[in-house]
Amino acid sequence: MNPVQEVAGETVLEWLEYGRERLLRAGIEEGREECERIFMKLSGCRRLDLHLNAPELTAPEIRDRFFDILERRERRIPLAYLLQEAHFWQETLFVNEHCLIPRPETEILVEQALKALGAKTGENFSFLDIGTGSGAIAVALLRTCPNARGTLLDVSSAALEVARVNVEKYGLMDRATLVLGDIFNFPCEEAKKWDVIVSNPPYLAAADWRTVQEELRAEPRKALDGGEDGLDFYRRIIAGAKERLLHGGTLALEVGQGQSGTVSKWLQDAGYDNIQRFGDYSGIERVVTAKRGEILI
Ligand code: SAM
Ligand code: GLN
């Protein structure tokens with residue numbers, strides 16, 4: 001037994017408490033919950049079992065891996081990367097350091113894309129997910145709508161590999177096309193148009209980088225950096241999406257805090273119809289949706 005484990009004690013509950021204290025010293029408030037998650041993932045036990053102090057839970061392999069993950073978490077590597085999983089919508093997705101960790105607020109984007117589709121969710125329709133990352137949005141849409149077909153686009157081949165793992169995990173390969181490319185300059189049939197274009201593009205502004213949490217720096221810069229004002233991707237998507245949307249099609253975008261007004265105005269100026277904004281529970285507007293209008297400007 002090494003000195004760390006001597007300090008930490010013999011039982012699962014003692015390890016969890018020791019882990020909580022160490023993470024708290026590293027500035028992590030929810031250390032207890034995180035330690036429980038690490039432990040449950042390693043041992044395959046349920047939360048309830050943590051209290052039973054069953055001997056199989058304190059096996060040396062589990063103990064060593066627990067302390068190894070704890071040490072890396074202390075260095076502020078996001079827990080999702082350490083456990084290689086993230087929960088999103090109704091799925092447990094594989095993630096690694098090459099993709100953004102899907103966020104709960106992005107579920108609002110999925111929800112609103114589905115609402116905008118209305119009755120169509122039961123019919124055949126196609127969507128394009130720009131900047132698919134782990135494939136979170138696309139996998140949620142494909143699983144919710146058994147008749148949908150999706151194109152998953154990303155500029156990062158490493159992220160696209162993560163998306164592929166998730167698409168395969170849920171048996172969606174026959175309805176998903178993974179494309180490596182840069183927004184609208186990607187190899188695709190000339191005439192291809194979609195019913196829905198969704199995107200959670202990078203939207204952090206240059207100034208945001210000074211104040212971001214340590215964990216965010218572990219995520220790919222390419223997934224977060226939206227240029228000087230954070231809005232670079234909206235300019236390009238709004239301009240390019242019109243020719244790529246079928247008539248009456250929907251564009252659904254996640255936006256950063258304070259960006260919904262500008263993005264809505266740009267959509268209006270570009271001739272989109274039915275522009276709507278949606279907030280989260282704390283009232284921050286997170287999503288803007290619009291329909292392709294009659295007049296293309
Ligand atoms: N859709 C995922 C989600 O919501 O969790 C990931 C979103 S992440 C904020 C943005 C994604 O856009 C990253 O995966 C990044 O690699 C991709 N990306 C960045 N620049 C791009 C570009 N020029 N063309 C296509 N994708 C791009
Ligand atoms: N939601 C991320 C954050 O602010 C940003 C994701 C993005 O740029 N689309 O933590």
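Nothing here was measured: the structure is a model prediction, and the numbers come from that model.
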Criterion side-chain contact (heavy atoms from CB on, under 4.5 Å) on Asn147 and Glu123, from CA distance to verdict: CA-CA 6 Å; Asn147 297 317; Glu123 298 168 18; 5.7 Å; no
Same cluster for Ile183 and Val288 if Ile/Leu/Val/Met/Phe/Trp/Tyr side chains link at under 4.5 Å? yes
For Leu153 and Leu160 the tightest heavy-atom approach is C-CD1, 4.4 Å
Could you check whether Trp194 and Phe125 have their ring centres less than 6.0 Å apart? no
Please check this pair: side chain of Lys242 against backbone of Tyr272, looking for a donor-acceptor N/O pair closer than 3.5 Å. no
To the closest 0.5 Å, what do you measure between SG (Cys145) and CZ (Arg175)? 8.5 Å
Start with the C-alpha distance between Thr11 and Glu14, add both sets of side-chain angles, then the distance that settles side chain to side chain donor-acceptor pair (under 3.5 Å), and finish with yes or no. CA-CA 5 Å; Thr11 67; Glu14 283 172 320; 3.3 Å; yes
Say whether, by atom type as modelled, one donor and one acceptor occur between the side chain of Thr211 and the main chain of Asp208 under 3.5 angstrom. yes
Verify the ring-centre separation between Phe66 and Phe39: is it less than 6.0 angstrom? yes
How many angstroms lie between CD in Glu74 and CG in Leu24, if you round to the nearest 0.5 Å? 11.0 Å
Do Ile137 and Met173 belong to the same hydrophobic cluster, where Ile, Leu, Val, Met, Phe, Trp and Tyr are linked whenever their side-chain heavy atoms lie under 4.5 Å apart, directly or via other members? yes
Decide yes or no on side-chain contact (heavy atoms from CB on, under 4.5 Å) for Phe127 and Leu142, but give the supporting numbers first. CA-CA 9 Å; Phe127 68 85; Leu142 288 169; 3.8 Å; yes
In Å, rounded to the nearest 0.5 Å, how long is the span from CG of Leu267 to CG of Asn274? 11.5 Å
Where do Asn166 and Ser134 come nearest, in terms of heavy atoms and distance? ND2-O, 2.9 Å
Look only at the side chain of Arg292 and the backbone of Gly248, and say whether a donor-acceptor pair between them is shorter than 3.5 Å. no
With Leu152, which of Thr177, Val167, Val179 fulfils side chain to side chain contact (heavy atoms under 4.5 Å, CB included)? Val167
In the structure I gave you, are the side-chain heavy atoms of Pro201 and Tyr234 within less than 4.5 Å of one another anywhere? yes
Below 4.5 Å, heavy atoms only, C-beta onward: do Arg37 and Ile69 meet side chain to side chain? no
Within the 4.5 Å heavy-atom criterion, are Ile238 and Val263 side-chain neighbours or not? yes
Shortest non-hydrogen pair, Asp129 vs Ser199, comes out as OD1-CA, 4.5 Å
Can a salt bridge be assigned to the pair Glu215 and Arg73 using a cut-off of 4.0 Å between side-chain N and carboxylate O? yes
Does the side chain of Thr58 come under 3.5 Å of the side chain of Trp15 through a donor N or O and an acceptor N or O? no
Please determine whether residues Leu13 and Leu57 belong to a single hydrophobic cluster, defined as Ile, Leu, Val, Met, Phe, Trp and Tyr linked transitively by side-chain heavy-atom distances below 4.5 Å. yes
Any His98 side-chain heavy atom under 4.5 Å of Glu161 side chain: no
Give the C-alpha distance, both sets of side-chain angles, the deciding distance and a yes or no for side-chain contact (heavy atoms from CB on, under 4.5 Å) between Leu245 and Thr250. CA-CA 7 Å; Leu245 274 176; Thr250 296; 5.7 Å; no
Do Lys192 and Ser126 touch side chain to side chain, with heavy atoms closer than 4.5 Å? yes
For Ala116 and Lys291, the nearest pair of non-hydrogen atoms, with its separation, is O-NZ, 3.2 Å
Taking all non-hydrogen atoms of both residues, which atom of Gln259 and which atom of Val255 are closest, and how far apart? OE1-C, 3.6 Å
Does any non-hydrogen side-chain atom of Phe88 lie less than 4.5 Å from one of Val110? yes
Donor-acceptor under 3.5 Å (Lys169 side chain, Phe94 main chain): no
Candidate pair Tyr81 and Glu219, rule side-chain contact (heavy atoms from CB on, under 4.5 Å), full reasoning: CA-CA 9 Å; Tyr81 289 155; Glu219 294 187 87; 3.2 Å; yes
Under 6.0 Å from the CZ atom of Arg65, do we count more than 12 heavy atoms belonging to anything else shown? no
From CA spacing to verdict: side chain to side chain donor-acceptor pair (under 3.5 Å), Glu254, Thr106: CA-CA 7 Å; Glu254 179 169 326; Thr106 305; 2.7 Å; yes
Any ion pair linking Glu17 and Arg20 (charged N to carboxylate O, less than 4.0 Å)? yes
Quiz question: by atom type and distance under 3.5 Å, do the side chains of Lys222 and Ser156 form a donor-acceptor pair? no
One thing to verify: whether Arg236 and Asp182 come together as a salt bridge, which I'm taking to mean a side-chain N less than 4.0 angstrom from a carboxylate O. yes
Same cluster or not: are Trp89 and Leu117 linked, directly or through other Ile, Leu, Val, Met, Phe, Trp or Tyr residues, by side-chain heavy atoms under 4.5 angstrom apart? yes
Taking all heavy atoms of Cys99 and all of Gly133, pick out the closest pair and write down the distance. CB-C, 4.1 Å
Distance (rounded to the nearest 0.5 Å) between Ser43 OG and Ile38 CD1: 11.5 Å
If only atom types and distance count, is the side chain of Asp49 paired as donor or acceptor with the main-chain N or O of Arg46 below 3.5 Å? yes
Arg286 side chain vs Ser260 backbone, donor-acceptor pair below 3.5 Å: no
Over 12 foreign heavy atoms within 6.0 Å of NZ, Lys115: no
Nearest 0.5 Å, what's the SG-CD1 distance between Cys35 and Ile28? 9.0 Å
Might you confirm whether atom CD of Gln276 has over 12 heavy atoms from other residues, nucleotides or ligands at distances under 6.0 Å? yes
Could you state whether Phe67 and Leu83 fall into the same hydrophobic cluster, counting links through intermediate Ile, Leu, Val, Met, Phe, Trp or Tyr residues with side-chain heavy atoms under 4.5 angstrom apart? yes
Nearest 0.5 angstrom please: Ser264 OG to Leu253 CG, how far? 9.5 Å
Flag side-chain contact, heavy atom, 4.5 Å: Ile237 against Leu251: yes
Does any part of the side chain of Val155, heavy atoms only, come nearer than 4.5 Å to the side chain of Leu180, both counted from C-beta? no
